[in-house]
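In what follows, a structure is listed as structure tokens, so that the remarks can point back to it.
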There are 2 protein chains.
Amino acid sequence: MADASASQVLGGESLLYLTDEQLRQGIEAMFFAYRGFTADPDRILQGLSYGRAHHRAIHFIHCAPGTTVNNLLNILGVTKQSLNRVLRTLVEDGLVESRVGRADKRERHLYLTEAGDALEKQLSDAQRARMRAAYRQVGPEAVAGFKQVLEAMMDPEMQRQYQKLRENRG
Amino acid sequence: MADASASQVLGGESLLYLTDEQLRQGIEAMFFAYRGFTADPDRILQGLSYGRAHHRAIHFIHCAPGTTVNNLLNILGVTKQSLNRVLRTLVEDGLVESRVGRADKRERHLYLTEAGDALEKQLSDAQRARMRAAYRQVGPEAVAGFKQVLEAMMDPEMQRQYQKLRENRG
DNA sequence: CACTTTAAGTCAGCGTTGTTGACATTCCAA
DNA sequence: TTGGAATGTCAACAACGCTGACTTAAAGTG
């Protein structure tokens, strides 16, 4: 009954990959994989009194130097108070520089310092190593499918953010 | 330089999908997609004074009724104090039943009550709807690749847990 | 039987990271 | 020039991870 739509065949193409059981597998795969995805950076950050939120902020400041607090807010999808706490510690610790905007003095433009860049490299190297190993293991076709599904799972708003970041880097 | 391994060609097969930029895209896709992945259950749970931790517990108790606290601990990868806080509220609220083991009276076997099953259904229906839409949009080959990459990203320990859950359901 | 190990639960405390509410500053437009 | 919108900051609170110390009960072992 719940699998009514999946047990049908449309245009000669099997829909067995849409059963509740298949979807449940995908859900659990996301859960376990995300743990692996964050495990390496988490290990590096623990003991530095930093967490995942700091990692995310550093990642996106690295990708878009000079971005404003508001822009970062939209990308990260958290409240500005939450982000502010993270940014404050990063600025205090000399990993991020916050410059008052020239055109609009309300805005703060964010940049990684040398120390910030070093930590970003350490974190992303670890994360990329795992991704690279996974990619290499399964091959380019599987990777293409992986990205297609992830993109389709996003909210439209996030999808827009995701594609904007891709465009900004060519 | 960082892309040295990716800019080579091995056995005539392009490795361009292993560049740092491609990996970075995958990392960001995981980030945004996970937000979408948890968005619907989070929406349902907010206001019930429950959170993601409760959802995870309910999910795995549903999948493996009668599981013990210790087993759940291994699957979820959290401390027993953390899980206990969540389980206690679920038992108090009548969503989960905790039965003393017959063979080993130290163990507690966990079951969803009718109310617990109802909430599980509500949560997983929402999450599966999003997954089903994504799957349908991209087709079975992409879904196969998606699962391959996710599995390759897991820690070996998690991969074992994941496969065990699959086997238990055929 | 005495001893050790194991499963589960409890209590106290802490850190990260979400949340809302109140507030200061700056810009812009009526 | 004044009022509203936008931007960012500070304070307090809640959810949920964590560690450490402890108790209880049952199982296994010498």
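Computation of the quantities below employed the complete heavy-atom set of this structure, encompassing side-chain atoms and omitting hydrogens, waters and symmetry-equivalent molecules. This is a predicted model, so every value here is computed, not measured. Every chain is numbered from 1 and lettered A, B, ... according to where its sequence line falls, protein lines coming before strand lines.
- For A:Gln122, the side-chain hydrogen bond (donor to acceptor under 3.5 Å, both in side chains) test picks out no residue, with sequence neighbours left out.
- Sequence neighbours left out, the pairs with a member in residues 48-68 of chain A that pass salt bridge (charged side-chain N to carboxylate O under 4.0 Å, His left out) are A:Asp42-A:Arg52.
- Using a 4.0 Å heavy-atom distance criterion, B:Gln81 is classed as a base contact.
- Contacts between residues 60-77 of chain B and DNA chain D, defined by a heavy-atom separation below 4.0 Å, involve B:Gly77, listed by number.
- Heavy-atom contacts from other residues, nucleotides or ligands closer than 6.0 Å to CZ of A:Arg169 number more than 12.
- For B:Arg24, the salt bridge (Lys or Arg N to Asp or Glu O under 4.0 Å) criterion is met by A:Glu120, not counting sequence neighbours.
- Residues passing the side-chain hydrogen bond (donor to acceptor under 3.5 Å, both in side chains) test with A:Arg85, sequence neighbours excluded: none.
- Within the 4.0 angstrom heavy-atom criterion, only backbone atoms of the sugar-phosphate kind lie near B:His54; the bases stay farther away.
- The nucleotide range of DNA chain C contacted by chain B, defined by atoms under 4.0 angstrom from heavy atoms of the protein and reported 5' to 3', is C:dT6 to C:dC11.
- Contacts of A:Phe32 classified as ring-ring contact (aromatic ring centres under 6.0 Å, His included), with partners at least two apart in sequence or in another chain: none.
- Classified by interplanar angle (parallel below 30°, tilted 30° to 60°, perpendicular above 60°), the ring pair A:Phe146/A:Tyr135 is perpendicular.
- Among the heavy atoms of the strands lying under 4.0 Å from B:Arg52 are primed sugar atoms or P, OP1, OP2 only; no base atom is included.
- Under the 4.0 Å criterion applied to side-chain N and carboxylate O atoms, B:Glu97 and B:Arg99 are assigned as salt-bridge partners.
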Enumerate, atom names and distances included, each donor-acceptor pair closer than 3.5 Å involving a side-chain atom of residues 76-83 of chain A, sequence neighbours excluded.
{"from": "A:Thr79", "atom 1": "OG1", "to": "A:Ser82", "atom 2": "N", "distance (Å)": "3.4"}

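- Side chain of B:Thr113 to backbone of B:Leu95: a donor-acceptor contact under 3.5 angstrom is found.
- The footprint of chain A on DNA chain D, defined by a heavy-atom cutoff below 4.0 Å, extends from D:dA5 to D:dA12.
- Judged as a ring pair (Phe, Tyr, Trp, His ring centres under 6.0 Å), the pairs with a partner in residues 35-58 of chain A (not counting sequence neighbours) are, in order, A:Tyr34-A:Phe37, A:Tyr50-A:His54.
- Annotation: side-chain hydrogen bond (donor to acceptor under 3.5 Å, both in side chains) contacts of A:Asn70 (sequence neighbours excluded): none.
- Within residues 96-109 of chain A, the residues having any heavy atom under 4.0 Å from DNA chain D are, by residue number, A:Arg106, A:Glu107, A:Arg108.
- Remark: A:Arg35 does not engage B:Asp155 in a salt bridge, criterion side-chain N to carboxylate O under 4.0 Å.
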